[in-house]
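One-based numbering along the sequence shown.
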Amino acid sequence: MNSRNTAQDIFRCHLCESPFPPLYCDICNVNLCKVCVGEHLLDESGDHKVVPIKLRRSTPSYPRCQKHCTRQCELFCEQCDIPICANCVSSEHHEAHKKVDILEKFQRTKESIQTSLQELEKSILIQYQKFASEIPIQISQIYINSDKLTTSLVELGENLHKAVDTLINRRKSEITNTYSKLLADLANHEREITKHISEIEQTVFDLNKLLDSNDMSLVCAYKFRGAEFKALPQQIQCNFPCFSPLINTEQLYELFGFLFTCNKEKRQVQKKYIIEKPHANIAIVTEFKSLFSVACLSEEEVWTCGNNGEIKLYNLHGDLLKSIQTKSECAPSDIAVTRSEDLVYTDRNNETLNIVKEGNAHVEIKLQGWRPVNVCTTSSADLLVTMISNNCRQARVVRYSGSLQIQIIQYDDKGKSLYSTDHTKYISENRNLDVCVADNGAHSVVVVDHTGKFRFKYTGPLAFTKKLFDPVGITTDSQGRILTTDFDNACIHVLDQDGQFLCHIDNCGLCYPWGLCVDTNDNLFVADDRSRIKKIQYSK
């Protein structure tokens, strides 16, 4: 084996190859024994700096100049981002450029590298390792959740099969009973007809016998029964039952439930607390006679709608920036803003849900048999719409993904309607994906989870308000709090996400508040009966 390939070659003198040299030239980057140091220093082809081997690489290695190869670079041109030598300094090219000592640049860069290294090792790498460690857990959860959903679906299918089999057997029994009764009636009718036929045939025989007889007393004693036989028996009509199978696809989809993504964002949210005295710092006066809804486009701009067919965009200075006419020219029921900053409005007059893109209104969804009332957008970019049936007997919440209806929320687990049939039902999705509805007709806030399961109903603290709780607008903030306007009591109720009352906002000069919304910084915007939008700070 070649001795140069042994591990001890690392510690051999560069000149004589004696082992464990005690010295090191920090400029030439070579190991030196004491005997060879003199010879190495006599080499005038370059500079030398000999140090104990323990201190090797402690001396900065100055680079050679790219233009003047015999000169070391002692400066650094920050504009050109290259090392330069003394000859370069006097050249016209670098004359006006900012130059620093290359050792200073070296130390600054080292410090920056050290900072970057610490950040990579102590923060970024740890985060990546944490993410990597979570992936197997997420994969396991995917399989577990998939198996759970599949099992639930199979169980539902088996239950539906049992229900269908039970129903089919019931229908079969009904068919058997119906035809058994028909057969029994026909059998009785047949016996009666057969009896009459026998009597008629006997009568015909007797009459023929009389015609051949010369017995005057026998013939004269005959009593004719023709009238009895002329009263024909009533004919039985066999009205066969009909079977008209009707599969309602929409109801079938409802039976099987809905599959959609629960986009629960696990992101850090800065904790904000309700301040002792909320205050209104801006009041925007609109051109509406009556103002109903408000939706934030940004922290500086809000959409509004009221008693006419226009939807108007205002900035915080009260300037009207844009006005859009509804397609029906009737007042919209409600408005919302999507994540892509498109405007959405409901129009109960033509039973449509509309999306406005680049100033043009497009009918997105045409409802059949239902009138849309209020609308909100969700964290998963879906639309939640409250609606009332055309006969005003039913109310429900429908989730749309694009134009596809993917969920209906209408009944609790006992089959009772969750919502009244009143025509004001503002709606909002909370941070935990709960669906919150201000049901004005029921004087309550009704909250269900993302699957539509009932969670709680809030009816207001009667000890505080003078009149019955009268909820209209509703919204939620970054803390998961629920805020709803109380029209008759001229205040706003603030609840936690579990429906516990936190406080009232009643000191901001509100006059019959209606719709409301919050921006990304939890500033509250409230539309009131004086056609004003008030911006209220209630937390920090």
So which atom in Ser333 and which in Asn374 form the shortest heavy-atom distance, rounded to 0.1 Å? O-ND2, 3.8 Å
Are Asp434 and Asn432 close enough that a side-chain donor and a side-chain acceptor fall under 3.5 Å? yes
Steps toward salt bridge (charged side-chain N to carboxylate O under 4.0 Å, His left out) verdict (Lys312, Glu287): CA-CA 9 Å; Lys312 299 181 178 182; Glu287 299 174 2; 2.9 Å; yes
Identify the heavy atoms of Ile427 and Cys376 that sit nearest to each other, and give their distance. O-CB, 3.3 Å
If we ignore hydrogens and angles and just use 3.5 Å, is the side chain of Asp422 paired with the main-chain N or O of Asn440 as donor and acceptor? no
Between Glu174 and Arg170, is there a salt bridge with N-O shorter than 4.0 Å? no
Any ion pair linking Glu104 and Lys110 (charged N to carboxylate O, less than 4.0 Å)? no
When you check the side-chain N and O atoms of Gln479 and Asp496, is any donor under 3.5 Å from an acceptor? no
On a heavy-atom basis, the closest approach of Asn350 and Lys366 is O-NZ, 2.6 Å
How far apart are the C-alpha atoms of Asp522 and Ser539, what are their side-chain angles, what is the distance that settles it, and do they pass the side-chain hydrogen bond (donor to acceptor under 3.5 Å, both in side chains) test? CA-CA 7 Å; Asp522 286 344; Ser539 67; 4.6 Å; no
Between Asn390 and Glu351, is the side-chain hydrogen bond (donor to acceptor under 3.5 Å, both in side chains) condition met? List the steps. CA-CA 10 Å; Asn390 285 347; Glu351 301 177 5; 3.3 Å; yes
Would you indicate whether the side-chain heavy atoms of Ile365 and Leu367 approach each other to under 4.5 Å? yes
Less than 3.5 Å apart, any donor N or O on the side chain of Gln407 or Arg399 sitting next to an acceptor on the other? yes
Any side-chain heavy atom of Ile311 within less than 4.5 Å of one from Leu343? yes
Answer with yes or no after comparing the ring centroid distance for Phe469 and Tyr458 against a 6.0 Å cut-off, counting only values under it. yes
Heavy-atom neighbours of Tyr179 OH exceed 12 at 6.0 Å: yes
Ile282 to Ile284 - nearest heavy-atom pair and separation: CG2-CG1, 4.0 Å
Check for a donor-acceptor pair, side chain of Glu119 on one end and backbone N or O of Ile124 on the other, with a separation under 3.5 Å. no
Would you say Asn354 and Asp347 are linked by a side-chain donor-acceptor pair, where the criterion is simply a distance under 3.5 Å? no
Hydrogens and angles aside, do Asn521 and Glu299 bring a side-chain donor and acceptor to less than 3.5 Å of each other? yes
Going by distance alone, is a donor N or O of one side chain under 3.5 Å from an acceptor N or O of the other, for Tyr314 and Trp303? no
Exercise: identify the closest heavy-atom pair between Ala438 and Gly473: CB-O, 4.3 Å
Is it true that the side chains of Asp449 and Thr451 contain a donor and an acceptor less than 3.5 Å apart? yes
Test salt bridge (charged side-chain N to carboxylate O under 4.0 Å, His left out) on Glu158 and Lys162 and set out the steps. CA-CA 6 Å; Glu158 291 174 350; Lys162 291 178 182 177; 5.7 Å; no
What are the two closest heavy atoms between Val337 and Ala295, and how far apart are they? CG2-CB, 3.9 Å
Are the side chains of Glu78 and His97 in contact, using a 4.5 Å heavy-atom criterion? no
Quick test of your reading of the model: are Lys453 and Asp412 salt-bridged, counting only N-O distances below 4.0 Å? no
Can you tell me if OH on Tyr512 sees more than 12 non-hydrogen neighbours from other groups inside 6.0 Å? no
Checking Asp486 side chain against Ile492 main chain: does a donor-acceptor pair fall under 3.5 Å? no
Do Ile533 and Val302 make a side-chain contact, defined as non-hydrogen atoms from C-beta onward lying under 4.5 Å apart? yes
Classify the angle between the aromatic ring planes of His493 and His504 as parallel (below 30°), tilted (30 to 60°) or perpendicular (above 60°). perpendicular
For the backbone of Gln497 and the side chain of Arg455, can you confirm whether one donor and one acceptor N or O come within less than 3.5 Å of each other? yes
Could you tell me whether the side chain of Thr485 and the main chain of Phe487 form a donor-acceptor pair under 3.5 Å? no
Apply the test salt bridge (charged side-chain N to carboxylate O under 4.0 Å, His left out) to residues Asp528 and Arg532: give CA-CA distance (whole Å), side-chain angles for both, the deciding distance (0.1 Å), then the verdict. CA-CA 6 Å; Asp528 72 7; Arg532 302 172 305 180; 2.6 Å; yes
When you compare the side chain of Asp334 with that of Tyr345, does any pair of heavy atoms fall below 4.5 Å? no
Quick check: do Ile388 and Trp370 have side-chain heavy atoms less than 4.5 Å from each other? no
Quick one: salt bridge (charged side-chain N to carboxylate O under 4.0 Å, His left out) partners of Asp477, sequence neighbours excluded? Arg481
